[in-house]
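Just so you know, these numbers use all the heavy atoms, side chains as well, and skip hydrogens, waters and symmetry mates. Bear in mind the structure is a predicted one, so any value in this text is a computation, not a measurement.
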Amino acid sequence: MSAVVNTQDPDAISADHHDGLPFDRGTHDRLLRMPPLRSSRIAHPVVAVTVEAAALERQLAEARATIAEQRDRIAYLESLSMTDELTGLLNRRGFFSHFRREIAAARRQGTKGNGAKGNGTGGGVLVIIDLDGFKRINDTHGHMAGDAYLRQVARMLVGSVREEDVVARLGGDEFALLLTKTDAVCGDVRARQIAAAAGRHCVRWNNADLPVRFSFGVQSYGADDREEEVIRLADSRMYSNKAGRRPRPAGRKAERPSGHRAANPRTTA
């Protein structure tokens, strides 16, 4: 019958039965005081790949968010460069950019210019508007009154056109309307209706009613047209309209103008 030896009792271990090695009590005691060995955890290759993929996915999501934020910022800065600060309308640069796209769309759709219709549905009518008596408003009531007047006119024009039409402030007291998908006859009728409606408006400023009056010129555009020429023709008609509206001194016989006033030179943005 074999005896059970308790390895925790040093007295039970004899020096000549310890694997042939002499018994050393100090080494034995140090071994007993050591904490039990724990096997190190080795990461599984599949787990490591999953963790790395998750980290890459987070980095990709952050990069996409950064790119989207930069695009929004660029779009915001571009909108500032094409927007009139006072009225919130398109400025000259924004107007020309939009007008070029309108002409390009008319070319794709095959719409003829100068009032003729092709098979497409593109093209439209440009209306150039110049306010009457605006300088007098600034001189009499001050530039703050003039700014308020321009903002009111801008709101009135936006409210007078369709959502797909374009309203822009070209500078000073000059505005432009792009009446899209409209022929010359309908465009001229709509421009007259807008002018008549504006004539019933007044801008209130310090207990004074400032009437809204403007002269306008209408020119259709289509696939065969260039925006500079369309603007020149609309400008010429606007100045002719303004000359016919200008009051003449009493007692002087009205004279027929010898020709249209030359349009202001324009440069595209």
For this session: Show the numbers, then the answer: is there a side chain to side chain contact (heavy atoms under 4.5 Å, CB included) between Thr180 and Thr182?
Result: CA-CA 5 Å; Thr180 61; Thr182 303; 5.9 Å; no
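- Transitive grouping of hydrophobic side chains (ILVMFWY, heavy atoms separated by less than 4.5 Å) keeps Met238 and Phe175 in distinct clusters.
- Considering all non-hydrogen atoms of both residues, Arg213 and Gly199 come closest at NH1-O, 3.0 Å.
- Between Arg169 and Asp84 there is a salt bridge, since at least one side-chain N of the basic residue sits less than 4.0 Å from a carboxylate O of the acidic one.
- In this structure, the side chains of Arg226 and Ile103 stay at 4.5 Å or more apart for every pair of heavy atoms.
- The line from CZ of Phe216 to OG of Ser240 is 11.0 Å long, rounded to the nearest 0.5 Å.
- In this structure, Ala106 and Gly123 approach most closely via the heavy-atom pair CB-N, 3.6 Å.
- A 4.5 Å side-chain heavy-atom check between Asn91 and Thr83 finds every atom pair outside the cut-off.
- Side-chain atoms of Arg232 and Ser236 include no donor-acceptor pair closer than 3.5 Å.
- With hydrophobic clusters built from ILVMFWY side chains whose heavy atoms lie under 4.5 angstrom apart, Val189 does not share a cluster with Leu177.
- Checked against salt bridge (charged side-chain N to carboxylate O under 4.0 Å, His left out), Asp147 has no partners two or more places apart in sequence or in another chain.
- Checked by atom type and distance alone, the side chain of Arg190 never pairs as donor or acceptor with a backbone atom of Leu179 at under 3.5 Å.
- When all heavy atoms of Gly187 and Val218 are compared, the pair lying nearest together is C-CG1, 4.3 Å.
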Exercise. Run the side chain to side chain contact (heavy atoms under 4.5 Å, CB included) check on Leu90 and Val166 step by step: do they pass?
Worked result: CA-CA 8 Å; Leu90 289 177; Val166 178; 3.6 Å; yes
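- With rounding to the nearest 0.5 Å, the separation of CG in Leu157 from CD1 in Ile129 is 5.0 Å.
- Between atom CD of residue Glu174 and atom CG of residue Leu150 there is a gap of 12.0 Å, rounded to the nearest 0.5 Å.
- Using a 4.5 Å cut-off on side-chain heavy atoms (C-beta onward), Val153 and Val212 make contact.
- Distance CG/Leu131 to CZ/Arg136: 12.0 Å, rounded to 0.5 Å.
- Side-chain atoms of Asp165 come within 3.5 Å of backbone atoms of Arg162 as a donor-acceptor pair (strictly under, hydrogens ignored).
- In this structure the side chain of Leu126 reaches within 4.5 angstrom of the side chain of Ile231, judged on heavy atoms.
- A donor-acceptor pair under 3.5 Å links the side-chain atoms of Tyr149 to the main chain of Pro211, judged by distance alone.
- Between the side chains of Asp132 and Ser215, a donor-acceptor pair is found at a separation under 3.5 Å.
- How far CG of Leu89 is from CZ of Phe95: 12.0 Å, rounded to the nearest 0.5 Å.
- Atom CZ of residue Arg101 and atom CZ of residue Arg108 lie 10.5 Å apart, to the nearest 0.5 angstrom.
- Note on Leu86 and Met82: separate hydrophobic clusters, where clusters join Ile, Leu, Val, Met, Phe, Trp and Tyr whose side-chain heavy atoms are under 4.5 Å apart, directly or indirectly.
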Problem set entry | Test side chain to side chain contact (heavy atoms under 4.5 Å, CB included) applied to Leu178 and Glu102, step by step | CA-CA 9 Å; Leu178 283 181; Glu102 283 291 317; 4.1 Å; yes
For this session: Apply the test side chain to side chain contact (heavy atoms under 4.5 Å, CB included) to residues Lys242 and Asp130: give CA-CA distance (whole Å), side-chain angles for both, the deciding distance (0.1 Å), then the verdict.
Result: CA-CA 8 Å; Lys242 185 176 286 290; Asp130 191 85; 3.0 Å; yes
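- Counting non-hydrogen atoms of neighbouring residues, nucleotides and ligands closer than 6.0 angstrom, the CD atom of Glu164 exceeds 12 such neighbours.
- Under a 3.5 Å cut-off, the side chain of Arg58 and the backbone N or O of Ala53 do not form any donor-acceptor pair.
- Between Arg107 and Asp225, the shortest heavy-atom contact is NH2-O, 3.3 Å.
- At least one side-chain heavy atom of Val230 sits less than 4.5 Å from a side-chain heavy atom of Phe99.
- Ser97 places no side-chain N or O within 3.5 Å of a backbone atom of Arg93 that could act as its donor or acceptor partner.
- Taken together through direct or relayed side-chain contacts under 4.5 Å among Ile, Leu, Val, Met, Phe, Trp and Tyr, Ile137 and Met156 form part of one hydrophobic cluster.
- Residues Phe214 and Val161 are members of one and the same hydrophobic cluster, defined by side-chain heavy-atom contacts under 4.5 angstrom among Ile, Leu, Val, Met, Phe, Trp and Tyr.
- For the residue pair Tyr221/Glu227, the side-chain donor-acceptor check at 3.5 Å is not satisfied.
- Between the side chain of Asp188 and the backbone N or O of Val185 there is no donor-acceptor pair closer than 3.5 Å.
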